[in-house]
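Along the sequence shown, the residues carry numbers beginning at 1. Side chains included, hydrogens not; waters and symmetry mates left out as well; all remaining heavy atoms used.
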Amino acid sequence: MLWVGTSWKMNGTLDFARDYATRLAAALADGAPAGVQPFVIPPATALATVRECLGPGTPVLLGVQNAHWEDAGAWTGEISVPQAAEAGATMIEIGHSERREFFAETDETVNLKVRSTLRHGLRPVLCVGESAEVFEASGSVDHVLGQVAAALDGVADPSPVVIAYEPIWAIGEHGREAHPADIAPVFAALADTWGGRVTAIVYGGSVNSGNILAILRVPGVEGLFVGRAAWTVEGYLRVLELASAAVPTRS
Ligand code: PGA
């Protein structure tokens with residue numbers, strides 16, 4: 001099964017969310033494309049709307065882009081894992097590079113969030129990835145394995161976790177597309193250490209309809225985590241279809 005999701009980051013009004021989710025529901029009325037598990041991570045404010053528009057029985061899983069590790073309390077501006085679950089999330093994105101860089105997320109807080117998510121029976125989408133400097137110094141494998149080990153420290157059963165390897169240099173409008181050879185060593189190392197022990201190990205960073213097939217051919221890649229290319233519902237549906245088409249070509 002390929003796990004293929006998108007985070008909208010801080011984009012989208014409720015009108016946008018309604019339109020996107022209604023059209024996604026219609027397109028997936030007969031189920032998800034073969035071999036693909038879709039997931040959508042809208043802004044938390046749009047989660048209930050997206051859930052409602054997708055309707056009961058949808059194959060699309062929903063998540064939030066961050067959650068605090070405490071269940072409740074004096075943490076202004078935060079939402080907790082149980083609150084996210086109540087709004088319809090079954091997945092919690094944790095440790096995206098934008099949160100690590102701009103919101104002071106550390107390996108320690110990432111670990112606390114992973115543990116809270118698992119404690120409540122939700123699925124962490126654990127984001128890891130190295131900077132351009134680390135990549136150029138050939139440090140990617142050590143860096144990423146270290147981030148995953150720190151995030152999963154003390155976790156007895158990591159099986160619900162989706163690991164998203166997203167090299168920072170490949171993310172967003174200033175990112176450059178990764179070549180399969182750039183990411184293959186990291187996937188080989190992740191598969192070696194975590195393959196079969198987690199739900200999926202997926203790739204993110206400038207994924208688009210032109211590079212999906214090449215990325216999915218990299219051994220160890222078990223899905224995609226997509227930003228810009230899935231910020232229209234047509235774009236996301238195209239990503240899902242391309243991923244599904246790639247399933248039979250994978251060993
Ligand atoms: P991008 O974002 O696909 O727009 O590069 C990826 C991500 O941040 O997960």
ILVMFWY cluster, Leu213 and Val207 together (side-chain gap under 4.5 Å): no

Answer whether the closest heavy-atom distance between the side chains of Asp71 and His120 falls below 4.5 Å. yes

Thr22 (side chain) donor-acceptor with Arg18 (main chain) under 3.5 angstrom: yes

Parallel, tilted or perpendicular: which describes the rings of His68 and Trp75, with under 30° parallel and over 60° perpendicular? tilted

Within a strict 4.5 Å, meaning less than it, do heavy atoms of the Val40 and Leu24 side chains meet? yes

Have Arg123 and Thr90 got a donor and an acceptor in their side chains that come within less than 3.5 Å? no

Would you say the side-chain atoms of Gln37 pair up with the backbone N or O of Pro59, donor to acceptor, closer than 3.5 Å? yes

Show the nearest heavy-atom pair for residues Ala21 and Cys53, with the distance to one decimal. CB-CB, 3.6 Å

Examine Val110 and Trp69 and state if one hydrophobic cluster contains both, with Ile, Leu, Val, Met, Phe, Trp and Tyr joined whenever side-chain heavy atoms are less than 4.5 Å apart. no

For Thr58 and Leu28: C-alpha separation, side-chain torsions, deciding distance, then whether side chain to side chain contact (heavy atoms under 4.5 Å, CB included) applies. CA-CA 8 Å; Thr58 177; Leu28 303 185; 5.8 Å; no

Can you hop from Leu216 to Val202 via hydrophobic side chains spaced under 4.5 Å? no

With a 3.5 Å distance limit and no angle check, can you tell me whether Asn111 reaches the backbone of Ala150 through a side-chain donor-acceptor pair? yes

Any side-chain heavy atom of Thr6 within less than 4.5 Å of one from Ile41? no

Leu240 backbone acceptor or donor facing Ser244 side chain under 3.5 Å: no

Do Val4 and Pro38 make a side-chain contact, defined as non-hydrogen atoms from C-beta onward lying under 4.5 Å apart? no

Phe16 backbone acceptor or donor facing Asp19 side chain under 3.5 Å: no

Any chance the side chains of Ser159 and Asp157 put a donor and an acceptor closer than 3.5 Å? yes

Checking Val50 against Leu62 for the side chain to side chain contact (heavy atoms under 4.5 Å, CB included) test, could you report, in this order, the C-alpha distance in whole Å, the side-chain angles of both residues, the deciding distance, and whether it holds? CA-CA 8 Å; Val50 171; Leu62 294 176; 3.7 Å; yes

Side-chain donor or acceptor of Gln65 paired with backbone N/O of Lys9 under 3.5 Å: yes

In Å and rounded to the nearest 0.5 Å, what is the CG to CH2 distance from Leu152 to Trp194? 4.5 Å

Minimal non-hydrogen separation, Val125 against Ala164, with atom names: CG1-CB, 4.3 Å

A side-chain contact here means heavy atoms from C-beta on lying under 4.5 Å apart; do Trp231 and Tyr236 qualify? no

Least distance between heavy atoms, Ala243 atom then Leu2 atom: O-CD1, 3.4 Å

Inter-residue atom distance Ile163.CD1 - Leu126.CG, 0.5 Å rounding: 6.0 Å

Which pair of heavy atoms, one from Leu14 and one from Ala46, lies closest together, and at what distance? CD2-CA, 3.8 Å

Are any of the side-chain heavy atoms of Val218 and Tyr203 separated by less than 4.5 Å? no

Electrostatic pair Arg23-Glu234, nearest N-O below 4.0 angstrom: yes

Under a 4.0 Å threshold between the charged nitrogen and the carboxylate oxygen, would Arg100 count as salt-bridged to Glu105? no

Give a yes or no answer on whether the side chain of His96 reaches the backbone of Glu98 with a donor-acceptor pair at less than 3.5 Å. yes

Do side-chain atoms of Arg115 reach the backbone of Ala151 as a donor and acceptor pair under 3.5 angstrom? no

Are the aromatic ring centres of Phe39 and Phe225 under 6.0 angstrom apart? yes

Roughly how far, to the nearest 0.5 Å, is CZ of Arg238 from CD1 of Ile212? 8.0 Å

Could you go through Val144 and Leu190, starting from their C-alpha distance and side-chain angles, then the distance that decides it, and tell me whether this counts as side chain to side chain contact (heavy atoms under 4.5 Å, CB included)? CA-CA 8 Å; Val144 169; Leu190 284 172; 4.0 Å; yes

Of all heavy-atom pairs linking Trp8 and Pro43, the shortest is CE3-CD, 3.6 Å

We want to know whether Trp169 and Glu130 form a side-chain donor-acceptor pair, criterion being a heavy-atom distance below 3.5 angstrom. yes

For the student: nearest non-hydrogen atoms of Ser97 and Ile168, plus distance: CB-CG1, 3.7 Å

Counting only N and O atoms by type, is there a donor-acceptor contact under 3.5 Å from the side chain of Asp142 to the main-chain atoms of Gly139? no

Would you check if the side chain of Glu70 reaches a backbone N or O of Ser80 as a donor-acceptor pair within less than 3.5 Å? no

CG on Leu61 to CG on Leu54, rounded to 0.5 Å: 10.0 Å

Rounded to the nearest 0.5 Å, the CD atom of Glu177 sits from the CD1 atom of Ile183 at a distance of 11.0 Å

Would the number of heavy atoms belonging to other residues, nucleotides or ligands and lying under 6.0 Å from CD of Glu108 be above 12? no

Could you walk me through whether Trp3 and Met91 satisfy the side chain to side chain contact (heavy atoms under 4.5 Å, CB included) test, starting with their C-alpha distance in whole Å, then the side-chain angles of each, then the deciding distance to 0.1 Å, before giving a yes or no? CA-CA 12 Å; Trp3 285 66; Met91 306 176 79; 3.8 Å; yes

Linking I/L/V/M/F/W/Y whenever their side-chain heavy atoms sit closer than 4.5 Å, directly or via other members, would Val186 and Val134 fall into one cluster? no

Would you call Ser140 and His143 a side-chain contact if the rule is heavy atoms closer than 4.5 Å? no

Find the distance between CD (Glu86) and CG (Leu47) and round it off to the nearest 0.5 Å. 11.0 Å

Is there a path from Val141 to Val148 through hydrophobic residues (I, L, V, M, F, W, Y) whose side chains come within less than 4.5 Å of each other? yes

Ile94 versus Cys127: any side-chain heavy-atom pair under 4.5 Å? no

Can a donor-acceptor pair be found between the side chains of Ser206 and Arg228 at a distance below 3.5 Å? yes

